[in-house]
There are 2 protein chains.
Amino acid sequence: MRVVEEQPRARDANATKARILAAAKSEFARLGLAGARVDEIAMQASANKRMIYHYFGSKEDLFRAVLVEAYLDIRNAEQELELDHLPPREALERLVRFTWAYYLDNPEFITLVNSANLHRGKHLEKSERLRTASRRFVSMVQEILDRGVADDVFRPGIDPVQLNITIAAIGYYYLTNRFTGTILFERDFMESKALEDRLAFNIDTVMRLVLA
Amino acid sequence: MRVVEEQPRARDANATKARILAAAKSEFARLGLAGARVDEIAMQASANKRMIYHYFGSKEDLFRAVLVEAYLDIRNAEQELELDHLPPREALERLVRFTWAYYLDNPEFITLVNSANLHRGKHLEKSERLRTASRRFVSMVQEILDRGVADDVFRPGIDPVQLNITIAAIGYYYLTNRFTGTILFERDFMESKALEDRLAFNIDTVMRLVLA
DNA sequence: TCAGTAACGCACTAGTTAGTTACTTCTTGC
DNA sequence: GCAAGAAGTAACTAACTAGTGCGTTACTGA
């Protein structure tokens with residue numbers, strides 16, 4: 001007698017791997033490496049826990065895979081900006097707006113990076129793909145700065161890495177510490193007016209930093 | 001027969017509490033709330049685990065106590081700066097230098113704040129002492145800005161909270177993400193020259209932001 | 001001086017957790 | 001059409017972990 005039954009899922013290694021990775025990203029972002037539970041990741045991925053060990057080897061290696069993917073995602077998004085088609089001022093402002101929007105739209109990126117650094121970066125070692133992507137990103141900013149200096153709108157001698165760090169910092173810090181910030185400073189950090197104000201302040205900060 | 005024996009420790013509730021709190025701060029900073037182990041904290045404090053539950057109630061309440069202490073510590077240090085005796089420019093530069101030095105000298109503060117925010121601030125709720133301390137800090141910066149505007153060295157209309165956040169951000173981000181930063185940007189973030197450069201860049205950033 | 005109380009410690013428990021064993025089921029290249 | 005390997009599953013384990021029960025030891029105030 002054949003009653004209504006769940007179909008066994010079509011077998012698809014790539015899809016299963018992707019579901020595990022997505023569930024892991026969400027759980028590691030929400031609870032950190034130590035706080036996340038492998039069983040919970042398996043459940044969220046609608047996969048068997050054994051599959052996690054089959055595809056990724058260990059909890060730490062899964063975390064490693066999540067981190068690499070998260071970094072490649074943001075570096076890819078940055079490349080799609082095509083800032084070299086814009087005048088230097090517009091290009092830089094667009095980069096500041098993009099960075100801010102990316103953190104807002106991908107809050108798990110921030111907590112993953114925090115977790116990676118809590119563990120002193122040991123899950124990110126020697127990934128040549130990441131280093132290449134970062135190099136390309138720094139060159140992109142360097143080029144904007146060079147064009148700005150040539151046009152006499154930016155002052156010379158600005159280190160593109162320091163500038164990058166600052167652009168990231170002024171958005172990242174506000175968002176990662178929004179909970180303690182909201183409590184200590186008695187204002188809602190996530191209210192839309194507050195977000196607007198912060199973005200405007202950040203654009204102003206960066207422009208005053210680079211303008212000739 | 002009395003052989004050589006450990007003396008039972010003199011009983012001192014405050015000392016035991018303080019040792020537990022110090023050990024907890026170190027462990028929570030190093031491993032996060034989920035990663036820290038109550039047994040390890042007890043061992044590091046040379047205390048019995050039972051004492052932790054006696055004095056603090058639970059692992060989460062111990063974490064709460066560590067966080068409140070960490071915030072009160074930095075706010076107290078800030079108050080000792082006595083910036084109101086300095087001309088506005090010097091006062092602001094001193095604040096930037098202080099913030100940077102505090103993070104460098106108290107790296108556990110940064111990871112504790114990150115952990116507090118990973119848990120969405122729920123361990124920091126409704127501490128009136130902290131709110132009072134924060135208010136006093138914002139007033140301090142507001143006063144520097146006001147004096148600067150009166151002296152025509154600072155431009156008017158700067159929000160002291162936004163300025164505070166930025167001053168914290170540009171130091172905090174660099175240091176908290178120094179591990180991934182070192183890997184991605186292929187430079188040692190903690191080398192003394194790198195630290196100097198970053199501080200100089202940050203002072204420059206803040207000055208360009210506020211100067212008239 | 002001694003009873004009451006606070007500090008302290010041992011040994012345990014109930015529940016969890018990363019990782020594994022031993023198996024079945026599906027898919028694919030020949 | 002079928003062998004072989006890959007995908008998938010359930011049940012298990014050994015180690016761990018927050019929290020506790022219950023007893024002992026040192027202070028302290030009356």
Side-chain angles (χ1 to χ4, degrees), chain A residues 2-3 5-67 115 118-119 122-123, chain B residues 2-3 5-67 115 118-119 122-123:
Chain A
R2 184 162 170 82
V3 287
E5 246 173 48
E6 302 291 327
Q7 305 283 336
R9 188 201 328 283
R11 295 189 167 200
D12 185 336
N14 286 338
T16 302
K17 257 167 133 166
R19 283 201 319 280
I20 291 172
L21 214 50
K25 181 187 249 177
S26 156
E27 286 297 288
F28 284 136
R30 199 163 63 85
L31 301 162
L33 173 55
R37 296 293 163 242
V38 176
D39 284 287
E40 184 63 27
I41 291 170
M43 219 197 69
Q44 296 236 351
S46 305
N48 191 280
K49 180 164 58 154
R50 196 66 191 75
M51 290 295 96
I52 291 178
Y53 288 91
H54 183 242
Y55 289 126
F56 297 96
S58 72
K59 188 187 184 184
E60 293 213 5
D61 283 337
L62 178 57
F63 183 63
R64 235 176 281 271
V66 165
L67 281 185
S115 285
L118 177 64
H119 297 96
K122 76 166 178 168
H123 302 93
Chain B
R2 185 161 170 81
V3 287
E5 245 172 48
E6 303 292 326
Q7 304 284 336
R9 188 202 326 285
R11 295 191 166 198
D12 186 336
N14 286 337
T16 302
K17 256 167 134 165
R19 282 202 319 280
I20 291 172
L21 214 50
K25 180 188 249 177
S26 155
E27 286 298 288
F28 284 136
R30 199 164 63 86
L31 300 162
L33 172 55
R37 297 293 165 239
V38 176
D39 284 288
E40 184 62 26
I41 291 169
M43 219 197 69
Q44 296 238 350
S46 305
N48 192 279
K49 180 164 58 154
R50 198 73 189 71
M51 291 295 96
I52 291 178
Y53 288 92
H54 183 241
Y55 290 125
F56 296 97
S58 72
K59 188 186 184 185
E60 293 213 5
D61 283 336
L62 177 58
F63 183 63
R64 233 176 282 273
V66 165
L67 281 185
S115 285
L118 178 64
H119 296 96
K122 77 165 176 167
H123 303 92

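Quick caveat, the model's predicted, so the values are computed rather than measured.
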| remark: The nucleotide from C:dG19, C:dC10, D:dG8 with an atom nearest the side chain of A:Ser58 is C:dG19
| Any B:Arg37 side-chain nitrogen or oxygen under 4.0 Å from OP1 or OP2 of D:dA18 | yes
| request: Look at the side-chain N and O atoms of B:Arg50 and state whether any lies under 4.0 Å from the OP1 or OP2 oxygen of D:dT20. | output: no
| request: From the options D:dG19, C:dC8, D:dA18, select the nucleotide whose nearest atom is closest to the side chain of B:Thr16. | output: C:dC8
| field | Base C:dG19 paired with A:Lys59 side chain (donor-acceptor, <3.5 Å) | value | no
| query | Between D:dA11 atom C1' and A:Asp39 atom CG, what is the distance in whole Å? | reply | 12 Å
| query | Can you check the A:Met51 CE to C:dA18 C1' distance for me, whole Å? | reply | 16 Å
| request: Determine whether A:Leu62 and A:Leu21 make a side-chain contact, defined as any pair of heavy atoms from C-beta on separated by less than 4.5 Å. | output: yes
| Across the strands shown, which category fits B:Phe56 at heavy-atom distances under 4.0 angstrom: base, sugar-phosphate, nothing? | nothing
| query | DNA chain C: B:Asn14 or A:Glu60, which has the more 5' nearest nucleotide? | reply | B:Asn14
| Which of the following nucleotides, D:dT20, C:dG19, C:dA7, is nearest to the side chain of B:Lys49? | D:dT20
| Are B:Gln44 and B:Glu27 close enough that some pair of their side-chain heavy atoms sits under 4.5 Å apart? | yes
| query | Looking for any heavy atom pair under 4.0 Å, which part of the strands does B:Ala36 touch: base, sugar-phosphate only, or nothing? | reply | sugar-phosphate
| query | Base, sugar-phosphate alone, or nothing: which one does B:Ala42 contact when heavy atoms must sit under 4.0 Å apart? | reply | nothing
| message | Side-chain N or O of A:Tyr53 versus OP1/OP2 of C:dT21: is the shortest distance under 4.0 Å? | response | no
